[in-house]
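In this chain, residues are counted from 1 in sequence order. This structure is a prediction, so every number in the text was calculated from the model and none was measured.
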Amino acid sequence: MYMVNIEAVGDNIFRIPVPVPFPMKYVYCYLFRETDGWSLVDAGFHYPDAVDAWEEVFRKLGVNRQHIHSIYVTHFHPDHFGLAGWMQQQTGAKVWMSREDYAMAERVWKKRSDQANQVGVVFRQHGVPDELAKQIEESMQKLSKHVMPLPSLTILENDEVILGQRRWKVIAVPGHSDGLINFYQPELKCLLVSDHVLERITPNISVWPGSHPNPLQQYFSSLHKVRHLDVAIALPAHGTVIGHLRERIDEIIKHHEKRLDYMKSLASDGKTAYEVAYAVFVHKPLTPHQWRFAIAETLAHLDYLASLDELVKEEREGVIVYHFRREDSHLKERKGVGGR
C-alpha cells in the first residue's frame, strides 16, 4: 500500500504530498472539505506513483471521489496540471484555470503542438549547441504523455472562490507562469502560494515562446503584490510551509539582484545567453530537462537587463548577443529592483 503523509494545515484543509519524478520529490496539492463535498487545488504529475498516492488519500480520508466537485489548477505546468484530466474523469468535477494559462495549456499540451520545436529554434538563436537543443526538444516532447488525458477546462474569472467553507480571494501573480494564481484567506491570514514563493529554492522565472517577453519584471511586481498582504502562513507547492513570507520574499529579491549583477558582468564584452548560462550553471551536472530551465531563466534575466538598458541585445551573424553599451565600462548600481 502506498504511504502518503497527509497533513491537516487548518480546519477542513489537507496538504497532500503527491510524488513527482524530479529532484523536488513532491508537489503539494491541497484538498478542502466543503459542506457539499470536496474542492482541490492542483492535481500533480500523471505517472503511476502519483495515481497511487491519490488512491491512498481517498482511502485514508474516506473521500468519495464523486463528491469532489471543483478542481482549481494554479498554472499549466505539468507537475500541477498533469493529473487534472485523470482527476476530472474520476470525479466529474469542473477544472478551473486562469485565462492566460488556459491559453498556454492549449498551446503547449494540445496534439500537434510545436512548442518543443519553437523552444529549439529560440535556443539555437541564443547560442545553444545543436545537439543540446535536440536533447531539450526530445525531453519536452516526452512530457506531453504526463498531462494526458487533457481536462475540459473552464476559465476562472471570479475574484473569489470557496475553499474549505471559506471565501478566498483569487490573486493573479504572473512571473513563474503568465497566469499563475494564488488564493488568499484574510481571516486565516493564509496564502495558498503555489510556486510563486518557495522556502528553500527560488521559483524558476523563464522566457518561453508564446509567453510574456519580460517575466522577471512581472515576477518582481507580483512579489510586491503579495508582500503587502497580512499573511501568517503561506502554503507552497514545493518544500516546507512558510511562516515568514515577507522575509522570504526579500531573500528572493536579493537573490535575483545578485544574479542580475553577475549575469550582467558575464555579458560585458558580448555573450550569448547559452554562454552566460554555461558560466553560471557549469558546476552542476544538468540533464537536458534542467538545461532547458537554466537557459530559459538566463534569458529572463538578460532580457530584464536589456529592458532597463543595462545591456544591449543584438543579432550578430544569426545569433543573439548581449553586451554593455560602448560607453559603459563599469557596472551601474541597480536601485529598487521591482519597484522596491
Would you tell me whether Gln217 and His212 have side-chain atoms, one donor and one acceptor, within less than 3.5 Å of each other? no

ring-ring contact (aromatic ring centres under 6.0 Å, His included): pairs with one or both residues in residues 151-174, sequence neighbours excluded: Phe32-Trp168

Quiz question: by atom type and distance under 3.5 Å, do the side chains of Asp195 and His77 form a donor-acceptor pair? no

Do the side chain of Ser98 and the main chain of Gly179 share a donor and acceptor less than 3.5 angstrom apart? yes

Spatial distance of atom CD1 (Ile242) from atom CZ (Arg248) [nearest 0.5 Å]: 7.0 Å

In short, Trp54 meets Asp42 closest at the heavy-atom pair CZ2-O, 4.3 Å

Hey, what's the ring geometry for Trp291 with Tyr278, parallel, tilted or perpendicular (30° and 60° as the breaks)? parallel

So with a 6.0 Å cut-off around NZ of Lys225, is the heavy-atom count from everything else above 12? yes

Mind running side chain to side chain contact (heavy atoms under 4.5 Å, CB included) on Met104 and His75 for me, showing each step along the way? CA-CA 9 Å; Met104 283 303 290; His75 58 302; over 6 Å; no

Please report the C-alpha distance between Cys190 and Ile233 in whole Å, then the side-chain angles of each, then the deciding distance to 0.1 Å, and finally whether the side chain to side chain contact (heavy atoms under 4.5 Å, CB included) criterion is met. CA-CA 5 Å; Cys190 182; Ile233 182 172; 3.9 Å; yes

Quick one: does any side-chain atom of Thr202 pair with a main-chain N or O of Ile252 as donor and acceptor, under 3.5 Å? no

Is the ring centre of His256 less than 6.0 Å from the ring centre of Tyr304? no

Pairwise side-chain contact, Glu297 with His301, heavy-atom cut-off 4.5 Å (strictly under): yes

Using the salt bridge (charged side-chain N to carboxylate O under 4.0 Å, His left out) rule, take Arg325 and Asp309 through it: C-alpha gap first, then chi angles, then the decisive distance, then the call. CA-CA 9 Å; Arg325 292 189 181 280; Asp309 284 335; 3.3 Å; yes

Which pair of heavy atoms, one from Ala105 and one from Phe81, lies closest together, and at what distance? CB-CZ, 4.2 Å

Under the 3.5 angstrom rule, does the side chain of Gln66 hit a backbone N or O of Gln90 as a donor-acceptor pair? yes

Where is the tightest heavy-atom contact between Pro288 and Ile136, given as atom of each residue plus distance? O-CG1, 3.5 Å

Same cluster or not: Leu299 versus Phe281, using hydrophobic residues (I, L, V, M, F, W, Y) connected whenever any side-chain heavy atoms lie under 4.5 Å apart? yes

What pairs with Arg15 under salt bridge (charged side-chain N to carboxylate O under 4.0 Å, His left out), at least two apart in sequence or on another chain? Glu7

Val276 reachable from Val319 in the ILVMFWY side-chain graph, under 4.5 Å edges: no

Please list all pairs meeting ring-ring contact (aromatic ring centres under 6.0 Å, His included) that have one or both residues in residues 228-253, counting only residues at least two apart or in different chains. His80-His238

Rounding to 0.5 Å, atoms CD1 (Ile205) and OG (Ser177) come to a distance of 9.0 Å

To the nearest 0.5 Å, what is the distance between CZ on Phe324 and OG on Ser265? 7.0 Å

Looking at Thr287, is its backbone amide N or carbonyl O close enough to the side chain of Gln290 to form a donor-acceptor pair, meaning the two atoms are under 3.5 Å apart? yes

Sort out for me which residue in Leu153, Ile71, Ile155 forms a side-chain contact (heavy atoms from CB on, under 4.5 Å) with Met97. Leu153

Validation row: Asn64, Trp38 side chains within 4.5 angstrom (heavy atoms): no

Any donor-acceptor pair under 3.5 Å linking the side chain of Glu315 with the backbone of Val321? no

Check the pair Leu40 / Ile16 against side chain to side chain contact (heavy atoms under 4.5 Å, CB included), numbers first and verdict last. CA-CA 10 Å; Leu40 176 64; Ile16 313 294; 5.9 Å; no

Can you tell me how far the CD1 atom of Ile320 sits from the NE2 atom of His126, to the nearest 0.5 Å? 3.5 Å

When you compare the side chain of Val193 with that of Val226, does any pair of heavy atoms fall below 4.5 Å? no

With hydrophobic residues grouped by side-chain heavy-atom distances under 4.5 Å, do Tyr262 and Leu308 end up in a single group? yes

I'd like to know if the side chain of Asp303 pairs up with that of Tyr322 as donor and acceptor (distance under 3.5 Å, no hydrogens or angles considered). yes

Using side-chain heavy atoms (C-beta onward) and a distance below 4.5 Å, is Ile6 in contact with Val57? yes

Would you say Asp11 has more than 12 foreign heavy atoms packed within less than 6.0 Å of its CG? no

Tell me the closest heavy-atom pair linking Val241 and Ala234, and the distance in Å. CG1-O, 3.6 Å

May I have the step-by-step check of side chain to side chain contact (heavy atoms under 4.5 Å, CB included) for Val280 and Thr298, ending in yes or no? CA-CA 9 Å; Val280 173; Thr298 299; 5.5 Å; no

Taking NZ, NE, NH1 and NH2 as the nitrogens, is one of them in Asp250 or Lys254 under 4.0 Å from a carboxylate oxygen of the other? no

So do Asp101 and Val73 actually touch side chain to side chain, heavy atoms under 4.5 Å? no

Taking all atoms of both residues into account, what is the closest heavy-atom pair of Leu198 and Ala237, and its distance? CD2-N, 4.3 Å

Kindly compute the distance separating CG (Leu143) from NE2 (His289), expressed to the nearest 0.5 Å. 6.0 Å

Quick one: closest heavy-atom pair of Val27 and Gly44, and the distance? CG1-CA, 3.8 Å

Does any non-hydrogen side-chain atom of Met148 lie less than 4.5 Å from one of Leu150? yes

Ignoring hydrogens and angles, tell me if any N or O in the side chain of Glu34 forms a donor-acceptor pair with the backbone of Gln165 under 3.5 Å. yes

Quick check on the hydrophobic clustering: are Tyr47 and Phe76 connected, directly or via other members, by side-chain heavy-atom contacts under 4.5 Å? yes

With rounding to the nearest 0.5 angstrom, report the OG to NE2 distance, Ser39 to His69. 4.5 Å

Could you tell me whether the side chain of Ser113 and the main chain of Trp109 form a donor-acceptor pair under 3.5 Å? no

Short side-chain donor-acceptor distance under 3.5 Å, Ser211 and Asp178: no

Does any non-hydrogen side-chain atom of Met263 lie less than 4.5 Å from one of Leu302? yes

Just grab all the salt bridge (Lys or Arg N to Asp or Glu O under 4.0 Å) pairs involving residues 63-82, residues at least two apart or on different chains. Glu55-Arg65

Applied to residues 137-146, the side-chain hydrogen bond (donor to acceptor under 3.5 Å, both in side chains) test, sequence neighbours excluded, yields Arg124-Glu137

Any non-hydrogen side-chain atom of Trp208 less than 4.5 Å from a side-chain atom of Pro215? no

Would you check if the side chain of Tyr219 reaches a backbone N or O of His196 as a donor-acceptor pair within less than 3.5 Å? yes

Joint hydrophobic cluster, Val312 plus Leu305, side-chain heavy atoms closer than 4.5 Å: no

Residues in side-chain hydrogen bond (donor to acceptor under 3.5 Å, both in side chains) with Glu157, at least two apart? Arg99

